[in-house]
Amino acid sequence: MTVRTRIAPAPSGYIHVGNARTALYSWLFARQQGGVFVLRVEDTDAKRATQEGFEGALEDLRWLGLSWDEGPGPGGEFGPYRQSERFEGYRAATLSLMESGHAYRCYCTADEVAARRARKGGAQGYDGHCRKLSELERSELQRSGRPSAVRFKVPDGRTISFDDVVRGRVETGTEQIGDFVIQRSDGSPTYLLAAGLDDLLMNITHIIRGEDLIPATPRQILLREAMGATDVPVFAHLPLLVDERGRPLSKRWGDVAVRSYRERGFLSQAMVNYLALLGWSYDDRTNIFSLEELVDRFSLERVGRNPAAFDENKLEWLNLHYIKQTEPGELARELMPICAAAGIDAEVTVLEAVAPLLVERLRRLDEAPPMVRFLFQEVAPDEKALKVLAGQGDYLKAVLEALENLPEWTAQAIEDRLRELASERALKPKQAFQPIRAAVTGTLVSPPLFESLEILGRGRTLQRINSLTAGQVG
RNA sequence: GGCCCGGUAGUCUAGUCUGGCUUAGGACGCCGCCCUCUCAAGGCGGAGAUCACGGGUUCGAAUCCCGUCCGGGCUACCA
């Protein structure tokens with residue numbers, strides 16, 4: 001039987017890193033097993049689902065490189081893949097569940113159930129009120145036009161167990177599960193029904209999801225049984241992701257969205273590599289994995305059981321690694337929108353020229369704008385630069401002269417000439433070059449000086465130095 | 001409260017099933033030195049873990065058993 005896994009995001013916003021990791025593991029497993037990866041959108045909660053959320057989620061998945069074989073876009077024989085388009089099926093399933101005696105209408109309102117729970121001293125679950133209704137009471141309530149939800153009839157005295165690939169055997173007694181709602185009084189299906197039915201109908205063989213869904217698993221198994229399934233899928237519950245303070249990441253949103261990392265200049269390879277390592281390891285030393293290597297080496301058995309804290313430091317380190325491997329042309333293209341966001345109207349060819357200088361000093365792409373700004377805009381020396389420039393008028397004039405007559409404008413020629421000048425004046429390299437850097441880039445931190453000057457061009461370099469010797473620095 | 005899951009350095013983890021190979025290994029971060037036109041990168045070195053705690057089993061336990069504590073999840077007509 002071919003392996004089929006799925007990722008089932010709720011489109012209430014961009015994908016956050018927890019979902020991204022679940023998606024990655026599901027994708028890796030499917031690819032490795034030569035299986036099928038399904039994307040299903042769980043938008044049964046109309047209040048939370050939005051079209052932007054839907055499109056944003058797909059875009060984030062694509063960016064990560066997690067292509068789906070079935071789902072919105074490619075389609076597939078088990079569609080539609082948006083739960084909002086499958087309501088008829090859920091309704092029919094609910095109906096047949098009622099006919100077979102596995103479910104019943106419940107006329108209690110949420111408030112009534114809560115009130116009865118409170119009266120019983122904070123009891124949980126459903127007390128079975130409507131399960132015990134007589135035929136007469138039932139038809140009267142039905143005739144009264146009172147809205148009704150549908151609850152699943154949880155059998156008594158059974159133990160539901162399953163073997164979780166990452167956690168081992170998990171058992172739950174049915175006395176701990178109250179009759180749960182499968183269809184809301186407005187006719188929409190709940191997660192339990194929708195996800196359970198879809199997993200069944202879409203032949204999902206391996207359900208990989210967060211450990212917050214462990215308690216939902218016995219209910220899903222019961223539901224499958226009632227719907228006539230004879231097999232149980234393999235379950236793998238991933239440990240939760242927490243932030244640096246140990247708080248669950250799922251409680252936070254925007255700032256932990258994949259999209260926001262992307263906007264801050266993280267490469268998708270770094271994100272994928274990092275996510276893979278968050279909760280899984282190959283051995284005791286390997287850190288760098290391409291997607292292909294992950295497909296080859298990933299295994300659910302080696303997923304850890306303890307919650308993992310998202311550490312941006314390590315993500316940045318991986319990012320640096322992948323930035324170093326990025327071709328100049330590609331890096332330049334990646335940098336264009338980031339420069340634009342920083343108010344720099346950059347030229348891609350110029351960025352391509354500086355890319356080799358940038359590549360070893362960027363942990364995030366958004367660190368680039370301050371380093372390249374001087375190439376595209378006139379710059380006024382910042383406070384620290386002014387300090388270095390103080391009293392350098394005479395020296396800068398000498399620099400100007402030296403550079404004016406250079407036969408060729410290359411980094412090598414510039415360096416040779418400036419070093420010559422420095423030794424003539426008995427200046428240490430740092431003393432000699434920092435003022436020039438300050439004059440040309442307006443700052444004390446920039447890409448390597450000589451290469452930077454070459455890219456800036458002779459005209460602009462001389463003009464910037466000249467404008468400073470003209471007065472301000474004395 | 002009940003049920004469930006987890007607990008190796010600041011962080012991710014290896015080792016736990018099949019006790020000795022571990023003076024607990026690697027990586028990020030941190031500190032120092034080297035390199036150096038700045039910032040990085042790179043090289044070398046270092047600090048950092050009573051393996052949550054307490055008992056027990058054993059010649060020997062991070063690894064097996066029991067108890068405790070701490071953290072988290074679920075307990076919805078959210079997913």
Side-chain angles (χ1 to χ4, degrees), chain A residues 8-10 12 42-45 47-48 106 108-110 113-114 117 121-126 147-151 164 167-168 170-173 175-178 180-192 194-195 209-218 237 239-240 242 244 246-248 250 274 277-288 302 304-318 320 324 357-363 367 370-371 388 415 418-419 422 428-438 441 443-450 452:
Chain A
S12 47
E42 306 211 325
D43 53 356
T44 54
D45 184 2
K47 285 182 284 270
R48 291 218 248 163
C106 171
C108 305
T109 65
V113 175
R117 274 201 283 250
Q124 322 150 36
Y126 180 64
S148 61
V150 177
R151 285 183 186 272
D164 191 290
R167 266 148 234 284
V170 179
E171 298 188 338
T172 312
E175 70 281 358
Q176 305 192 55
I177 309 170
F180 52 92
V181 171
I182 55 176
Q183 185 180 85
R184 302 189 186 97
S185 47
D186 68 359
S188 66
T190 61
Y191 166 79
L192 261 356
R209 44 156 58 154
E211 76 166 48
D212 52 334
L213 287 166
I214 291 178
T217 306
H237 287 98
L240 256 30
V242 299
E244 48 287 333
R247 311 300 304 176
S250 53
Y274 183 64
L277 252 20
L278 253 197
W280 170 85
S281 65
Y282 176 65
D283 58 17
D284 65 342
R285 55 196 66 248
T286 318
N287 285 291
I288 306 290
R302 285 193 64 86
R305 283 169 283 277
N306 48 318
F310 196 93
D311 177 18
E312 214 168 294
N313 266 326
K314 188 152 186 176
L315 210 209
E316 284 190 356
W317 174 74
L318 284 165
L320 172 84
K324 279 190 203 169
L357 307 180
L358 255 25
V359 109
E360 300 230 323
R361 53 206 95 215
L362 293 181
R363 285 172 79 84
E367 291 169 339
M371 296 186 197
V388 168
E415 175 167 7
L418 288 179
R419 283 192 189 279
K428 289 181 180 166
K430 186 171 175 174
Q431 295 173 305
F433 306 139
Q434 278 300 73
I436 304 174
R437 169 174 278 115
T441 71
T443 145
L444 259 28
V445 177
S446 82
L449 185 62
F450 315 113
S452 294

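Every chain is numbered from 1 and lettered A, B, ... according to where its sequence line falls, protein lines coming before strand lines. These numbers were taken from a predicted model, which means no experiment stands behind them.
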Nearest-Å distance once atom [atom1] is located in both [N] and [M]:
{"N": "B/rG15", "M": "B/rA27", "atom1": "C1'", "result": "16 Å"}
{"N": "B/rC28", "M": "B/rU16", "atom1": "P", "result": "24 Å"}
{"N": "B/rG48", "M": "B/rG25", "atom1": "C1'", "result": "15 Å"}
{"N": "B/rG45", "M": "B/rU23", "atom1": "P", "result": "22 Å"}
{"N": "B/rA61", "M": "B/rC53", "atom1": "C1'", "result": "16 Å"}
{"N": "B/rC3", "M": "B/rU68", "atom1": "P", "result": "13 Å"}
{"N": "B/rA9", "M": "B/rC30", "atom1": "C1'", "result": "12 Å"}
{"N": "B/rG60", "M": "B/rC69", "atom1": "P", "result": "29 Å"}

Once you apply the 3.5 Å cut-off to both distances, tell me the Watson-Crick or G-U wobble partner of [N], or none.
{"N": "B/rC30", "result": "B/rG46"}
{"N": "B/rU23", "result": "none"}
{"N": "B/rG54", "result": "B/rC66"}
{"N": "B/rA41", "result": "none"}
{"N": "B/rC17", "result": "none"}

From [atom1] of [X] over to [atom2] of [N], roughly how many Å is that when rounded to an integer?
{"X": "A/R305", "N": "B/rG6", "atom1": "CZ", "atom2": "C1'", "result": "10 Å"}
{"X": "A/E171", "N": "B/rC74", "atom1": "CD", "atom2": "P", "result": "22 Å"}
{"X": "A/E415", "N": "B/rC37", "atom1": "CD", "atom2": "P", "result": "8 Å"}
{"X": "A/E360", "N": "B/rU38", "atom1": "CD", "atom2": "C1'", "result": "15 Å"}
{"X": "A/I214", "N": "B/rC3", "atom1": "CD1", "atom2": "P", "result": "16 Å"}
{"X": "A/L444", "N": "B/rA40", "atom1": "CG", "atom2": "C1'", "result": "15 Å"}
{"X": "A/N313", "N": "B/rU13", "atom1": "CG", "atom2": "C1'", "result": "16 Å"}
{"X": "A/E316", "N": "B/rC30", "atom1": "CD", "atom2": "P", "result": "10 Å"}

May I ask you to say what [X] touches in the nucleic acid, namely base, sugar-phosphate or nothing, with a heavy-atom cut-off under 4.0 Å?
{"X": "A/G279", "answer": "sugar-phosphate"}
{"X": "A/T109", "answer": "base"}
{"X": "A/A110", "answer": "base"}
{"X": "A/F310", "answer": "nothing"}
{"X": "A/G125", "answer": "sugar-phosphate"}
{"X": "A/P239", "answer": "nothing"}
{"X": "A/R361", "answer": "base"}
{"X": "A/L240", "answer": "sugar-phosphate"}
{"X": "A/L320", "answer": "sugar-phosphate"}

A/Q434 side chain, from C-beta outward: closest of B/rC4, B/rC37, B/rA27:
B/rC37
Nearest to the side chain of A/A10, which nucleotide is it out of B/rC77, B/rA79, B/rG72?
B/rA79
With heavy-atom distances below 4.5 Å as the criterion, would you say the side chains of [X] and [Y] are in contact?
{"X": "A/P239", "Y": "A/R167", "result": "yes"}
{"X": "A/F180", "Y": "A/T190", "result": "no"}
{"X": "A/T217", "Y": "A/V170", "result": "no"}

Starting from the 5' end of RNA chain B, give me the residue, A/Y191 or A/W317, whose nearest nucleotide shows up first.
A/W317
On RNA chain B, check which nucleotide each of A/N287 and A/L192 is closest to and give me the residue with the more 5' one.
A/N287
Any donor-acceptor pair under 3.5 Å from [X] side chain to [Y] backbone:
{"X": "A/E367", "Y": "A/R363", "result": "yes"}
{"X": "A/Y274", "Y": "A/E316", "result": "no"}
{"X": "A/R302", "Y": "A/S281", "result": "yes"}

Verify the contact: side-chain N or O of [X] to OP1 or OP2 of [N], cut-off strictly under 4.0 Å; return yes or no.
{"X": "A/R363", "N": "B/rG29", "answer": "yes"}
{"X": "A/S446", "N": "B/rU38", "answer": "no"}
{"X": "A/R247", "N": "B/rG72", "answer": "yes"}
{"X": "A/K324", "N": "B/rG42", "answer": "yes"}
{"X": "A/R151", "N": "B/rC77", "answer": "yes"}
{"X": "A/R302", "N": "B/rG15", "answer": "yes"}

Donor-acceptor pair under 3.5 Å, A/R167 side chain vs B/rC5 base
no
Taking all non-hydrogen atoms of both residues, which atom of A/R117 and which atom of A/Y126 are closest, and how far apart?
NH1-N, 4.4 Å
Nearest heavy-atom neighbours spanning A/R209 and A/Y191:
NH2-OH, 3.5 Å
